[in-house]
Amino acid sequence: MSSHQLLGQLLVKKGIITEEQLNNALIRQKKSNLRIGEELVRGGILNEEKMLLTLAEAMNLPFIKIRSTNIDPQIIDKIPARFVTHYNFMPLFEKEEVLHIAINDPLNLYILDEIKLLLKQPVNVWLATSQDIDEAIKRYYGVGAKTMAQMVDDSPHLEIISRKTGREKLEQADETEDPSVIKFIDQVIQQAVRERATDIHIEPYEESLRVRYRIDGLLYEVPAPSTIHHFQSAIIIRLKIMSDLDIAEKRLPQDGRIQVRVDKEDYDLRISILPTTFGESVEIRILSRKQIFFSLEELGLDWDGLQVLNIIIKRPHGIILVTGPTGSGKTTTLYASLNRINSLERKIITIEDPIEYKLHGITQIQVMSKIELTFANGLRSMLRHDPDIMMVGEIRDLETAELAIRTALTGHLVFSTLHTNDAPGAVARLLDMGIEPYLVSSSVDCVIAQRLVRVICPACKEEFSPHAEIINEFGIHSGRFEQKRFYRGKGCEGCKSTGYLGRTAIFEILVMTDEIREMVLNRLPSNIIKQKAVSSGMKTLRLSGWEKVISGITTPEEVIRVTQEDVG
């Protein structure tokens, strides 16, 4: 293509752009010094894919979408990351000793000659978008491949918001630390935030270092450079410096915190360092500092559950417990409840570990075990501040449980959490701690068990027919499933081919009726209490999930994954 205008004229001929748009782009091109195709893309006249498809036709070159192509790992091993990242190309396959590569600038003959010279073999060119090439490099060579290859790219550094002393330490460290390690950590955190991850796991093994993100409740391995384990010690030291931890201590667990800014939004990163056989393992919890609160209506409650909860949380005294495993959304439910009843007429105090979100108009206390500010000690002090409503982050021991119950019995409304599998199990857990049955019976008003299920991706949602064995897992809830429609996510770029995008909650709400209080007094087992509650109208977690399945919100497999078979 000898003429810069040839591409533009071809685009006009095909009706993709107008003559006027081409002429305006040519005028702007004189100032920008870009090629006409680049100028048209920059001006928003057409996208890069359309431009490259036209260019491919003009130059008689093939066009490829790499994301839908499987690339042989042997090709990846053969071509070093430093070549791929420096010249911004992606190796595709090798045929008859000719290497086929994807590039997005076929007019740069100098770079093509460089690639041929360095690889010492003939090259055939395919065209692909720059985004497609970047994603392929990350997928096959790993996040941070550029930095581990000692290449400096133009992506922005992670902005760290810290105390003055913390910033000074970081600035001093930046002068002495390996810039590739700094950049690698920045990229891992930035990508985790952009992919909606809630946690980052950096785990050492004998001859490898694995990086995983937790997205929508499940862990996914992040492709990382094969040489990353050589930087293991430097990566841990960098994270310790960022979170103001002791870099010399490698035998004991440590916990710290970092405040960062990604894409103009602030995030709290909770860092946990754990010594293991092959070095220190890191867990990073990502918490957005943006004031985003779910209302009760947005949590995923059905109409009946919403009405029950609206009544319960407005009671003047008693205990409301939220149960479930770590990461099941208990804190979100508590915050939504407190927001609903927060008013000028009520004094609300919380003690949490950690404080995940700041609530306007509510006094929040952070647990600090080092100075013996525990849940129990904090609860005692809170009582002297004339509260109406209190939230205890978690009932972990007998002392905290007794204080919470006696607080409820003296005319306060108390919210807290327990780790149990279902709602009736919370009663058994309190009794096992040593709480007398009459205290549990007279103080606990409601127990809410919950789980988070993944939501079907709306972009690739499709109807399907599940296996009868899957439906039979739901027992009596399934009814005549042949008359119902079921949906799943086919998998697309937006949901990373998982078929799911985001999560919602399913609930099991146990209201302490007079009959159930009597059963608690008689120390009846939790399965008997559950049977009675179900016969009285309580929806189990499995049934709550089933209703979301037949509503097209989630899949049967997802509900089965997070719930256990109902008793009776």
Is any NZ, NE, NH1 or NH2 atom of the basic residue among Glu297 and Arg340 found under 4.0 Å from an Asp or Glu carboxylate oxygen of the other? yes

Any salt bridge linking Lys496 with Asp216? Criterion: basic side-chain nitrogen under 4.0 Å from a carboxylate oxygen. no

Between Arg503 and Glu558, is the closest basic N to carboxylate O distance under 4.0 Å? no

Pro325 backbone acceptor or donor facing Ser328 side chain under 3.5 Å: yes

Can we say Glu547 and Lys539 salt-bridge, meaning some charged N sits less than 4.0 Å from an Asp/Glu carboxylate O? yes

Tell me which one of Gln191, Arg196, His201 satisfies side chain to side chain contact (heavy atoms under 4.5 Å, CB included) with Tyr213. Gln191

Under a 3.5 Å distance rule, please check whether Gln364 uses its side chain to pair with a backbone N or O of Glu352 as donor and acceptor. no

Looking at Glu508 and Leu543, would you say the former's side chain and the latter's main chain have a donor-acceptor pair under 3.5 Å? no

Whether the side chain of Lys330 engages the backbone of Gly324 through a donor-acceptor N/O pair (distance < 3.5 Å, no angle test) should be reported. yes

Please check if the side chain of Asp132 supplies one atom and the backbone of Ile66 the other of a donor-acceptor pair under 3.5 Å. yes

Could you pull out the closest heavy-atom pair between Pro91 and Ile76, with the gap in Å? CG-CD1, 4.4 Å

Any His419 side-chain heavy atom under 4.5 Å of Thr326 side chain: yes

Would you call Lys240-Glu249 a salt bridge at under 4.0 Å N-O? no

Can a donor-acceptor pair be found, under 3.5 Å and without considering hydrogens, that links the side chain of Glu48 to the backbone of Ser130? yes

